[in-house]
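Worksheet: one structure, shown below.
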Amino acid sequence: MITAHAAGALRSTAGALRLIQARTTHPRTVDIAAYVQAVSAHCPYLAPSVERGVTGWTVYEAAGDAGAVEAEVFHAAVQAAEWVRPLASRRHGMLVCENIVVLGADAGTLVWPHWALKNLYGPVGLMFGKFTAGEVRGDIPVPPVSFLPVRVAVRPRDPRFLGATPELAAAVAEAVDDGRDVLYGIGHDWTEIRQWAQHLLPKH
């Protein structure tokens with residue numbers, strides 16, 4: 001499979017995220033057990049995913065300026081997405097979920113990486129979410145930490161959550177992972193990727 005080369009050459013922003021805990025199914029550095037249990041009431045896939053050990057958490061801490069952290073959040077999330085892609089077609093692939101936790105970052109740090117990621121990976125059948133620590137969103141439990149989850153798209157269901165972006169909703173509904181490098185033709189530098197993502201903002 002041809003995938004995005006997340007490691008690539010040494011980036012000028014490398015080091016802006018400090019790894020606190022490598023991927024694990026039971027993080028010790030953040031207290032998310034009660035939160036996950038509460039969210040399971042809203043997401044029918046989460047409890048089975050946790051039970052089968054296919055929900056992973058990687059915990060980072062912001063250790064640079066906002067722009068550099070933003071870039072490194074993007075690259076960390078690409079690595080998570082590329083971990084999920086080959087698992088999508090396997091048994092229980094629909095339950096696989098990877099979560100990138102970012103401690104100590106400004107509330108807006110995840111906004112641009114999330115927007116770019118959902119547009120890059122929606123067409124190959126992955127969904128990215130964005131949760132900010134302390135954010136109140138209807139009756140959904142309040143997240144204790146800020147994180148980006150990535151999971152396999154549920155094609156009949158997920159496009160309904162993308163009503164504000166109909167083109168992306170259509171891409172998710174018809175998604176096929178053909179093994180493409182999702183960054184082909186865009187570039188692997190965060191500055192280039194962010195500029196590309198800006199052009200995709202809905203025009204109201």
Side-chain angles (χ1 to χ4, degrees), residues 1-8 19 21-27 32 35-36 39-60 72-102 110 112-131 140 143 147-186 188 193 196-197 200:
M1 174 179 285
I2 302 171
T3 57
H5 304 291
L19 180 65
Q21 186 170 10
R23 184 191 181 277
T24 177
T25 55
H26 296 88
I32 48 90
Y35 172 72
V36 169
V39 172
S40 295
H42 299 264
C43 176
Y45 298 94
L46 183 55
S49 175
V50 172
E51 290 169 6
R52 287 179 171 80
V54 291
T55 292
W57 300 82
T58 304
V59 184
Y60 295 92
E72 290 306 298
V73 166
F74 173 81
H75 286 289
V78 165
Q79 290 178 324
E82 295 300 332
W83 167 277
V84 173
R85 284 179 79 177
L87 301 178
S89 60
R90 297 185 186 179
R91 190 164 180 249
H92 304 312
M94 294 298 295
L95 299 178
V96 175
C97 179
E98 290 295 313
N99 299 277
I100 301 299
V101 177
V102 185
L110 303 186
W112 278 110
H114 172 248
W115 175 245
L117 290 158
K118 66 192 294 187
N119 280 282
L120 286 168
Y121 283 98
V124 295
L126 298 188
M127 287 283 288
F128 267 93
K130 176 176 65 67
F131 296 90
I140 299 175
F147 68 102
L148 293 176
V150 55
R151 59 173 174 78
V152 179
V154 182
R155 289 169 180 77
R157 179 172 174 260
D158 284 333
R160 292 182 293 172
F161 301 121
L162 300 169
T165 52
E167 290 184 3
L168 179 57
V172 170
E174 301 170 1
V176 175
D177 193 345
D178 54 8
R180 78 189 72 170
D181 177 347
V182 298
L183 296 176
Y184 179 78
I186 299 171
H188 291 76
I193 297 162
W196 170 83
L200 299 177

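At least one side-chain heavy atom of Leu19 sits less than 4.5 Å from a side-chain heavy atom of Thr58. Contact check for His75 versus Pro113: no side-chain heavy atoms found under the 4.5 Å cut-off. Annotation: side chain of Tyr121 is in contact with side chain of Arg85 (closest heavy-atom distance under 4.5 Å). The closest side-chain heavy-atom distance from Ile32 to Pro27 is below 4.5 Å. Using a 4.5 Å heavy-atom threshold, the side chains of Thr55 and Thr25 count as separate.
Lys130 contributes atom NZ, which lies 15.5 Å from atom CD1 of Ile100 (distance to the nearest 0.5 angstrom). Residue Ile193 holds its CD1 atom at 12.5 Å from CG of Asn119, rounded to the nearest 0.5 Å. In this structure, the separation between CG on Leu46 and CG on Leu95 is 9.5 Å, given to the nearest 0.5 Å.
Residues Ala81 and Leu126 share a closest heavy-atom pair of O-CD1, 3.6 Å. Closest approach of Pro143 and Phe131 over heavy atoms only: CG-CB, 3.9 Å. Closest heavy-atom contact between Phe128 and Ala77: CZ-O, 3.7 Å. Taking both residues in full, the closest heavy atoms of Gly122 and Ala175 are given as O-CB, 3.4 Å, listed atom of the first, atom of the second, then distance. Of all heavy-atom pairs spanning Ala47 and Ser40, the tightest one is N-OG, 3.9 Å. Taking both residues in full, the closest heavy atoms of Pro86 and Arg90 are given as O-NE, 3.6 Å, listed atom of the first, atom of the second, then distance.
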Run Val96 and Arg151 through side-chain contact (heavy atoms from CB on, under 4.5 Å) and show every step you take. CA-CA 6 Å; Val96 175; Arg151 59 173 174 78; over 6 Å; no
Evaluate the side-chain contact (heavy atoms from CB on, under 4.5 Å) criterion for residues Trp196 and Leu120: first the C-alpha distance (whole Å), next the side-chain angles of each, then the deciding distance (0.1 Å), finally the verdict. CA-CA 10 Å; Trp196 170 83; Leu120 286 168; 3.5 Å; yes
Which is it for Trp57 and Phe147 under the ring-ring contact (aromatic ring centres under 6.0 Å, His included) test, yes or no, and what are the steps along the way? CA-CA 9 Å; Trp57 300 82; Phe147 68 102; 5.4 Å; yes
Could you walk me through whether Phe74 and Leu117 pass the side-chain contact (heavy atoms from CB on, under 4.5 Å) check? CA-CA 7 Å; Phe74 173 81; Leu117 290 158; 3.6 Å; yes
Asp181 vs His188, side-chain contact (heavy atoms from CB on, under 4.5 Å): CA-CA, chis, key distance, verdict: CA-CA 10 Å; Asp181 177 347; His188 291 76; 3.5 Å; yes
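For the side chain to side chain contact (heavy atoms under 4.5 Å, CB included) test, residues two or more places apart in sequence or in another chain that qualify with Ala88 are Val152.
Atom CH2 of Trp115 is surrounded by more than 12 heavy atoms from other residues, nucleotides or ligands within 6.0 Å. Within a 6.0 Å sphere centred on NE2 of His26, other residues, nucleotides and ligands contribute 12 heavy atoms or fewer.
In this structure a side-chain-to-backbone donor-acceptor pair under 3.5 Å is missing from His114 to Leu148.
Salt-bridge check for Glu98 with Arg23: passed, with a basic side-chain N closer than 4.0 Å to an acidic carboxylate O.
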